[in-house]
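So the structure is just underneath, and the comments pick up after that.
For the numbers below, each heavy atom of this structure counts, side chains included, while hydrogens, waters and symmetry mates do not.
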Amino acid sequence: MRLTSKRLTGLLLGSALVAGVLGAGTIASATGADGGTSSVAAAAAHHTGHQMAASTQASGDDPDGDGYIPAVPQVTGVVPSTATPPPAYHHEFQAGCSVTHTAPDDPIVYPGQFGKSHDHTFMGNRSTDAASTTGSLYGGATACKAPADASAYWMPSLYKGDQKILPVGPQVIYYKAGVTDYRSVRPFPKGLRFVVGNPMQTAQEFRAHKGFVEGWECGDSFFNTDIPASCPSRPDVQLNLRMQAPSCWNGLYLDTPDHKSHMAYPVVKPGTNDNMCPASHPVALPMIEFKMAWPVNGDMSQVRLASGRGYSFHYDFFNAWEERTQKALVDHCIVGGLQCDTRGFDLYRPERGTVLNEDHRLP
């Protein structure tokens with residue numbers, strides 16, 4: 001059978017996942033230092049012992065199985081905003097979501113294939129597993145503070161030796177403006193999904209990643225590309241990490257075979273310090289930022305990720321927000337230039353009001 005160019009591209013990208021995106025992981029020692037080379041072969045040398053198979057199934061949201069899930073409707077005719085908005089230091093709101101469960105599943109990379117991934121820690125939607133689709137997540141039970149946020153958020157599980165360490169309580173997941181013209185940000189389309197980072201990346205690649213914020217930190221130790229060898233043994237000290245997602249969308253697909261190409265990071269507007277979306281991905285969406293905290297300190301030599309060394313950190317997002325609630329928060333907090341909590345309230349601008357009631361629901 002003759003393959004269309006899109007189908008062929010999908011197959012090639014899908015095959016490349018083994019080597020380049022999520023093809024092989026490891027459970028490796030957290031000791032030692034390695035700057036590494038950026039080649040896949042060099043990265044694989046540090047991720048031996050936990051080989052991961054290629055995906056053999058398509059998502060239930062992908063009827064023709066080519067890896068491309070079209071948006072309905074697709075967003076076309078958008079030009080990246082180059083406007084300068086009114087000054088606003090903040091333009092964000094928080095989604096406080098707690099851990100629900102762990103499992104060796106990944107509904108984006110290995111849809112329908114239970115147990116094929118390294119172990120993940122899931123937050124938000126309580127039903128997330130290898131078979132999750134937009135339909136199964138949407139409207140589901142959630143451990144996020146806003147019942148309307150049935151989205152799935154997950155990351156590689158963290159271990160100390162053989163003990164799994166889980167974040168305690170609601171984790172801070174920011175929804176921010178990644179572009180200077182915060183007024184141009186629109187809500188996530190239903191069913192959008194993507195992977196941030198790469199478990200095969202080297203320490204240098206992790207540090208150079210556009211989503212790198214402060215790296216691994218604990219106590220007074222910051223900007224670490226790997227998990228620190230030790231942290232102060234105090235009750236107030238936890239292991240922390242922040243990482244930002246791409247926030248510019250091509251407007252065409254909810255997913256692509258590599259789970260990344262439909263998204264892009266903002267670029268610098270020529271001659272300025274402003275950020276804008278590239279022409280290839282002109283639709284400005286909220287920028288997700290994970291701000292995770294694990295209750296572990298002291299001797300960290302045996303602390304590792306299910307995917308390998310600390311610089312193998314990555315995470316996944318699968319949007320299943322109820323549309324009206326997400327739009328209300330985006331419009332009030334991001335487009336409105338506020339620093340909102342999980343209810344859409346800005347402590348420094350109380351006169352602007354609150355989006356959600358005491359139960360985190362739209363009034």
Side chains of Thr142 and Asn125: is there a donor and an acceptor less than 3.5 Å apart?
no
Between Ser81 and Arg183, is any side-chain donor less than 3.5 angstrom from a side-chain acceptor?
no
Nearest heavy-atom pair of [X] and [Y]: which atoms, and what distance?
X      : Y      : answer
Leu137 : Ala152 : CD1-CB, 4.2 Å
Val195 : Asp316 : CG2-OD2, 3.3 Å
Gly310 : Ile227 : CA-CG1, 3.9 Å
His120 : Ser157 : C-OG, 3.2 Å
Ser127 : Ser132 : O-OG, 3.8 Å
Gly197 : Lys260 : O-NZ, 2.7 Å

Let me see the working for Tyr175 and Glu92 under side-chain contact (heavy atoms from CB on, under 4.5 Å), right down to the final yes or no.
CA-CA 5 Å; Tyr175 281 61; Glu92 64 186 44; over 6 Å; no
[X] with [Y]: basic N within carboxylate O range, under 4.0 Å:
X      : Y      : result
Asp105 : Lys116 : no
Arg343 : Asp341 : no
Asp346 : Arg352 : no

I want to know whether [X] and [Y] have ring centres closer than 6.0 Å.
X      : Y      : answer
Phe122 : Tyr153 : no
His262 : Tyr253 : no
His314 : His209 : no
Phe317 : Phe194 : yes

Take Lys164 and Thr102 through the side chain to side chain donor-acceptor pair (under 3.5 Å) test and state the conclusion after the steps.
CA-CA 10 Å; Lys164 194 177 298 183; Thr102 66; 2.9 Å; yes
Residue of the set Ile165, Asp119, Thr121, Leu241 for which side-chain contact (heavy atoms from CB on, under 4.5 Å) holds with Leu158
Ile165
Pairwise distance OH(Tyr315) to CD1(Ile173) - rounded to 0.5 angstrom
8.5 Å
Just jot down the salt bridge (charged side-chain N to carboxylate O under 4.0 Å, His left out) partners of Glu351, sequence neighbours excluded, or say none.
Arg349
Counterpart residues, salt bridge (charged side-chain N to carboxylate O under 4.0 Å, His left out), relative to Lys210 (two or more places apart):
none
Check whether any side-chain N or O of Gln201 sits under 3.5 Å from a backbone N or O of Tyr311 as a donor-acceptor pair, and report yes or no.
yes
Quick check against the 3.5 Å criterion: does Gln204 have a side-chain atom that pairs as donor or acceptor with the backbone of Thr202?
no
What pairs of donor and acceptor atoms, side-chain ones from residues 276-299 against any protein atom, are under 3.5 angstrom apart with sequence neighbours left out?
{"residue": "His281", "atom": "NE2", "partner": "Ser261", "partner atom": "O", "Å": "2.7"}
{"residue": "Glu289", "atom": "OE1", "partner": "Lys176", "partner atom": "NZ", "Å": "3.0"}
{"residue": "Glu289", "atom": "OE1", "partner": "Gln244", "partner atom": "NE2", "Å": "2.7"}
{"residue": "Glu289", "atom": "OE2", "partner": "Arg242", "partner atom": "NE", "Å": "2.7"}
{"residue": "Glu289", "atom": "OE2", "partner": "Arg242", "partner atom": "NH2", "Å": "2.6"}
{"residue": "Asn297", "atom": "ND2", "partner": "Arg234", "partner atom": "O", "Å": "2.9"}
{"residue": "Asn297", "atom": "ND2", "partner": "Val237", "partner atom": "O", "Å": "3.0"}
{"residue": "Asp299", "atom": "OD1", "partner": "Ser301", "partner atom": "N", "Å": "3.0"}
{"residue": "Asp299", "atom": "OD1", "partner": "Ser301", "partner atom": "OG", "Å": "2.9"}
{"residue": "Asp299", "atom": "OD2", "partner": "Ser301", "partner atom": "OG", "Å": "3.4"}

